Amino acid sequence: MNHPDRPGRPEARTAAEAIISRRSVRAFLPDPVPRETITRILCIAGRAPSGSNIQPWHVDVVTGHTLDRLTAAITARFDGGDFGDETYRYYPSPWREPYLGRRRETGWGLYSALGIARQEKDRMRAQHRRNFLFFDAPVGLIFTIDQDLPVGSWLDTGMFLQNFMVAARGCGLDTCPQQAFAAYHQTIREVLSLTQDRTVICGMALGRADWSDPANGFETGRIPVEDFARFHN
Ligand SMILES: Cc1cc2nc3c(=O)[nH]c(=O)nc-3n(C[C@H](O)[C@H](O)[C@H](O)COP(=O)(O)O)c2cc1C
């Protein structure tokens, strides 16, 4: 794997550096993140544009005992065979090309970095379970939106999410956005005292990457520009 900015990955200095050096990190060091740093990242993320500047995003920052309570409650459900329920559709249904092929490539890329073979369903499940520990990150985030807001506000919140991840790189930190949490919205509601009028969009892990962990040895590729852009003269 080619990681030009390892080891240590200093903070990104330009917007392009921050965007390009962002990747989904699935193993973190226990080093705590100071509250001022989290606030700074949130403040930068909050500069995201939104239609009429309505700023529809909400985020719960979870650390310490509350993080332990949340991860324990969700993993208990997962271990009991309760895989939660879908609050909104994130993935295509049914899957079709070209998205199915890209999804498979990503899944197998991660599993092969972890040495998990195709028939090792238990190890795949164990890897999926690591989502609910925020991959051992010291900070977990839960992003929510008012249930009555339409797709435009989800678009705005997506920009906020991306800003957050890029701003984290600007502070030398790493993230993993985690839709996996949405299935456990009921438990999240209970632990964080969220009201029913909010939809849980996703979770996110935040911290310093552990580059010695094979889970971070996988780097995703991207399709070339000509495959998704057209120029009209
Ligand atoms: C909204 C969103 C939700 C995601 N949910 C998960 C998740 O639950 N678990 C996980 O391991 N990765 C999750 N990912 C990470 C994607 O798999 C990852 O972004 C994609 O494979 C591209 O890799 P990169 O982020 O390293 O560039 C999510 C990404 C996004 C944008």
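Please read all numbers here as calculations on a predicted model, not as lab measurements.
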Taking only residues two or more places apart in sequence, or in another chain, which ones meet Gln127 in a side chain to side chain donor-acceptor pair (under 3.5 Å)?
->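 By the side chain to side chain donor-acceptor pair (under 3.5 Å) rule, Gln127 matches no residue at all.
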
Can you list the residues that meet the side chain to side chain donor-acceptor pair (under 3.5 Å) rule with Thr195, with sequence neighbours excluded?
->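 Testing Thr195 for side chain to side chain donor-acceptor pair (under 3.5 Å), a comparison that skips the adjacent residues, returns Asp197.
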
Is there a donor-acceptor pair closer than 3.5 Å between any side-chain N or O of [X] and the backbone N or O of [Y]?
X      : Y      : answer
Thr66  : Val62  : no
Glu120 : Ile116 : no
Asn216 : Arg26  : yes
Asp146 : Asp148 : no
Ser50  : Gln55  : yes
Arg130 : Phe134 : no
Glu97  : Gly101 : yes
Arg198 : His58  : no
Arg123 : Gly115 : yes
Arg169 : Pro10  : yes

Please name all residues satisfying ring-ring contact (aromatic ring centres under 6.0 Å, His included) with Phe78, sequence neighbours left out, ordered by chain then number.
->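 Result, ring-ring contact (aromatic ring centres under 6.0 Å, His included) vs Phe78: Phe83, His128, Phe132.
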
Minimal non-hydrogen separation, Leu206 against Pro138, with atom names =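 Residues Leu206 and Pro138, closest heavy atoms: O-CD, 3.4 Å.
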
Minimum-distance pair of heavy atoms, taken over all atoms of Ala182 and Tyr88 =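 Heavy atoms of Ala182 and Tyr88 come nearest at CB-CE2, 4.0 Å.
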
Output the distance between atom CH2 (Trp95) and atom CZ (Arg102), rounded to the nearest 0.5 Å.
->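 Here the interatomic distance stands at 10.5 Å.
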
Only one of Asp85, Thr87, Thr199 passes side-chain hydrogen bond (donor to acceptor under 3.5 Å, both in side chains) with His185; say which it is.
->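 Result for side-chain hydrogen bond (donor to acceptor under 3.5 Å, both in side chains) with His185: Asp85.
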
Validation row: Ile188, Leu70 side chains within 4.5 angstrom (heavy atoms) |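 The answer is yes; the side chains approach within 4.5 Å.
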
